[in-house]
Amino acid sequence: MKQHLRKLITDSINELLQQKGLPLPQGYTVQIERTRDASHGDFFSNAAMILAKQLGQKPRELAAEIVDRLAVSEFVDNCEIAGPGFINFFLSQKAHLQLIPDIINAGDSFGQCDHGKGEAILIEYVSANPTGPLHIGHGRGAAYGASLANLLNTVGYDTKQEYYVNDAGRQMDILAISVWLRYLDLCGQQLPFPEKAYQGDYVREIAAQIHQQHHDDFVIPLHELSGVDWQQHDVEVQLDKLIAIAKQQLGDAGFRTIFNAGLNRILSDIREDLQEFGVIYDNWFSEQSLTEDNFVNNCIKRLQDSGHVYEKDKALWFRSSEYGDEKDRVVVRDNGQKTYFASDIAYHVNKFKRGFSKTIDIWGADHHGYIARVKAALIALGENPDALDVLLVQFANLYRGKEKLPMSTRSGEFVTLRELRQEVGNDAARFFYVTRKSEQHLDFDLELAKSQSNDNPVYYIQYAHARICSVLKQMQQRHYRYEQEQALQYLNLLTETHEKALLATLSRYPEMILKAAEDYEPHLICFYLRDLANDFHSYYNTHHFLIEESRLRQARISLILACKQVICNGLRILGVSAPEEM
RNA sequence: GCCCUGGUAGCUCAGUUGGAUAGAGCGUCCGCCUCCUAAGCGGAAGGCCACAGGUUCGAAUCCUGUUCAGGGCGCCA
């Protein structure tokens with residue numbers, strides 16, 4: 001409809017300019033926007049005000065000349081000039097009513113478009129280290145990423161979803177020795193447990209499992225651990241020492257057994273957790289695979305060959321400051337270990353090598369300092385940094401009423417995503433997570449999410465859907481016939497204010513979806529659905545659908561069927577169910 | 001010190017390619033079920049859009065400065 005109106009206006013302006021013998025002014029676009037107030041019609045354009053200055057005319061006069069030349073359209077009843085020079089369009093009933101068959105015929109695909117033209121996008125999100133269960137912060141990234149992926153697919157992109165598994169590196173080694181120490185404890189060797197090791201109960205569970213399967217196989221003589229200075233102040237040194245001893249004493253195979261026991265157990269737990277949350281990945285990408293393929297080394301080599309890497313203090317540094325980062329960054333530490341950054345470079349290059357024209361990363365907001373260095377590396381390796389969009393998600397604070405709940409991964413004191421889901425349910429969790437703009441801090445109130453009352457927007461929307469289903473059920477019980485083709489003939493009977501309002505809101509759905517996708521803002525869907533549910537509930541409370549008069553009844557049923565369809569489509573993108581009864 | 005975010009009703013927040021009288025929920029107050037689910041609807045009250053300048057037909061929105069709050073600035077991940 002916007003397109004249609006834009007064409008009307010543009011044609012009129014062109015004709016006007018021709019008559020006056022004026023050239024088309026440069027650099028203007030005719031804007032067609034929805035009005036906020038129904039008394040201003042359905043759409044308005046500010047074309048006259050934009051052009052007035054360049055043409056040296058008063059906006060209202062110009063507007064009048066434009067309106068005079070507008071072609072007749074079956075979708076437009078009337079045009080008015082208002083305020084400083086707005087041109088308001090009042091759409092015909094025909095324009096409004098066409099929407100219902102459009103929605104019903106399109107069904108689940110209503111709102112879809114080919115804006116993305118099948119472009120391949122890779123979206124990577126959550127990617128939490130497999131060193132423990134997901135907590136509520138990860139949940140937000142999961143809900144946001146999954147909804148965004150659905151949104152992008154809805155507007156015609158071919159989006160693949162990926163989880164990057166940090167299954168290499170020091171943190172995983174620390175997990176392994178955490179498990180090992182708990183295991184030794186079970187074997188009767190009581191040793192101090194470093195505070196920076198992983199404290200959670202799940203570590204003991206993994207240790208118990210190993211103990212059950214392997215008994216005392218991984219016990220070593222106590223004196224071998226005498227090299228660890230438990231009084232050592234620098235806990236990082238202490239951990240490194242423990243790792244070294246464990247690797248040496250247990251051998252590669254032994255250490256791998258413990259390492260993998262931890263990795264596999266935790267990873268499958270994460271996988272299951274996300275799956276239950278409706279978050280399904282196309283690919284789980286292993287960091288180890290980058291090392292095994294020598295991909296990381298190749299990238300470092302390429303950077304070296306092109307002079308982007310230098311040696312200082314026995315470490316290798318990447319000159320990221322040449323490409324906008326505030327300082328250079330280490331890729332290989334003085335002890336020969338590659339940093340996570342080195343893997344990250346390789347991983348991002350790898351993404352582009354797989355043929356994605358756009359990649360989206362969703363990171364916690366605390367990682368924002370990493371954007372510059374990753375983009376710098378992409379530039380240095382000849383990739384287009386603008387093809388990477390990094391979206392930051394702020395942390396979520398959890399409240400139980402007024403009480404703020406603690407969050408700390410290492411200490412093991414945190415509420416897991418699983419606990420949250422069990423307490424408030426998947427639907428409420430998915431909805432609440434995306435109800436705020438992602439870069440906003442989110443206060444997640446457990447009490448509110450759980451409340452089965454009108455405080456809770458999730459139930460409010462789902463309730464609208466359930467009510468429609470209930471009406472349809474009643475219709476059958478009362479043996480009222482509903483015949484689609486016939487019903488669509490009677491749509492012109494829908495003249496009530498509430499019906500017009502509902503139609504107007506329904507018609508906004510496709511453009512809302514497109515904007516939400518373009519701006520990466522699924523929260524717009526939440527607000528839209530709230531509006532739509534509100535329009536429906538008002539309508540429901542004011543008018544009856546199952547009335548004696550057959551033609552009006554059928555027309556109304558068509559309208560609420562369209563409404564039901566749009567609620568379903570919106571909720572599906574958010575990963576929230578649309579229950580038939582509540 | 002530098003860099004991100006943010007400051008809109010009592011509370012939680014929508015609202016940026018500048019548009020007409022700034023919106024919603026919650027909370028408060030007042031109404032609505034012999035009728036398709038009251039998990040609902042209607043109405044009222046509630047605002048210097050942090051502050052000060054600037055840009056223009058027009059600013060919550062764009063620019064500059066100030067201020068307050070949260071976060072980030074490791075050979076950690």
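A note on names: the letters A, B, ... follow the listed sequences, proteins ahead of strands, and every chain is numbered from 1.
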Quick check, are the ring centers of [X] and [Y] under 6.0 angstrom apart?
X	Y	answer
A/Tyr460	A/His537	yes
A/Tyr323	A/His308	yes
A/Tyr509	A/Tyr528	yes
A/Tyr347	A/Tyr164	yes

What interatomic distance, in whole Å, is found between [atom1] of [M] and the corresponding atom of [N]?
N	M	atom1	result
B/C13	B/C49	C1'	13 Å
B/A39	B/A44	C1'	24 Å
B/G15	B/A24	P	15 Å
B/U28	B/G10	P	16 Å
B/G25	B/A14	P	16 Å
B/U66	B/C76	P	37 Å
B/U5	B/C62	P	12 Å
B/G6	B/G43	C1'	34 Å

Just to confirm, is there a sub-4.0 Å distance from OP1 or OP2 of [N] to any side-chain nitrogen or oxygen of [X]?
X	N	value
A/Tyr540	B/C33	no
A/Arg60	B/C57	no
A/His523	B/G15	yes
A/Ser538	B/G42	yes
A/Asn534	B/C41	yes

**Request:** Using a heavy-atom cut-off of under 4.0 Å over every strand shown, decide if A/Asp334 touches base, sugar-phosphate, or nothing.
**Result:**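 The residue A/Asp334 makes base contact.
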**Request:** With heavy atoms under 4.0 Å as the rule, sort A/Gln462 into base, sugar-phosphate or nothing.
**Result:**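 Answer is nothing: A/Gln462 stays at 4.0 Å or more from every strand.
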Who does [N] pair with, Watson-Crick or G-U, both distances under 3.5 Å?
N	result
B/U67	B/G7
B/C62	B/G54
B/C2	B/G72
B/A39	none

**Prompt:** Where each residue is assigned the nucleotide of RNA chain B containing its nearest heavy atom, which of A/Thr542 and A/Leu546 is assigned the position nearer the 5′ end?
**Reply:**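 Nearest nucleotide further toward 5': that of A/Leu546.
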**Request:** With RNA chain B as reference, determine whether A/Thr339 or A/Glu580 sits nearer its 5' end, using the nearest nucleotide of each.
**Result:**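 The residue closer to the strand's 5' end, by nearest nucleotide, is A/Glu580.
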What is the distance, rounded to the nearest whole Å, between atom [atom1] of [X] and atom [atom2] of [N]?
X	N	atom1	atom2	value
A/Phe431	B/A14	CZ	C1'	12 Å
A/Arg373	B/G72	CZ	P	14 Å
A/Arg436	B/A24	CZ	P	16 Å
A/Glu80	B/A20	CD	C1'	13 Å
A/Arg467	B/A39	CZ	C1'	9 Å
A/Phe527	B/U12	CZ	P	14 Å
A/Arg508	B/A14	CZ	C1'	12 Å
A/Ile461	B/A24	CD1	C1'	12 Å

**Prompt:** Syn or anti for B/C33, taking syn as within 90° of 0?
**Reply:**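 Base orientation: syn.
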Spell out yes or no: do the side chain of [X] and the base of [N] have one donor N/O and one acceptor N/O closer than 3.5 Å?
X	N	answer
A/His544	B/C35	yes
A/Asn541	B/G40	yes
A/Asn88	B/A20	yes

**Request:** Work out which heavy atom in A/Val330 is nearest to a heavy atom in A/Ala315; give both atom names and the distance.
**Result:**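 Result for this residue pair: CG1-CB, 4.3 Å.
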**Per-nucleotide protein contact string for nucleotides 2-8 of chain B, where B marks a base within reach and S marks sugar-phosphate only (heavy atoms under 4.0 Å, - for neither)** = -BSS---
**Asked** Is the closest basic N to carboxylate O distance between A/Glu581 and A/Lys473 below 4.0 Å?
**Response**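 Result for this pair is yes, salt bridge flagged.
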**Asked** Is it true that the NZ or CZ of A/Arg467 lies under 6.0 Å from the centre of A/Tyr540's six-membered ring and within 45 degrees of the ring axis?
**Response**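 Because its charged atom sits under 6.0 Å from the ring centre and within 45° of the axis, A/Arg467 does stack over A/Tyr540.
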**Request:** Kindly indicate whether a cation-pi arrangement holds for A/Arg553 with A/Tyr480, taking the cut-offs as under 6.0 Å to the six-membered ring centre and within 45° of the axis.
**Result:**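 Cation-pi check for A/Arg553 and A/Tyr480: passes.
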Could you please name the option among [options] that lies closest to any side-chain atom of [X]?
X	options	value
A/Lys327	B/C76, B/G74, B/G19	B/G74
A/His537	B/C57, B/C76, B/C41	B/C41
A/Phe545	B/U16, B/G40, B/C36	B/C36
A/Arg530	B/C75, B/G40, B/A24	B/A24
A/Phe44	B/G74, B/C75, B/G19	B/G19
A/Met49	B/C57, B/G15, B/C75	B/C57

**Flag side-chain contact, heavy atom, 4.5 Å: A/Leu559 against A/Leu502** =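 In contact.
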**Asked** Counting only N and O atoms by type, is there a donor-acceptor contact under 3.5 Å from the side chain of A/Gln554 to the main-chain atoms of A/Glu483?
**Response**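 Yes; at least one donor-acceptor contact below 3.5 Å.
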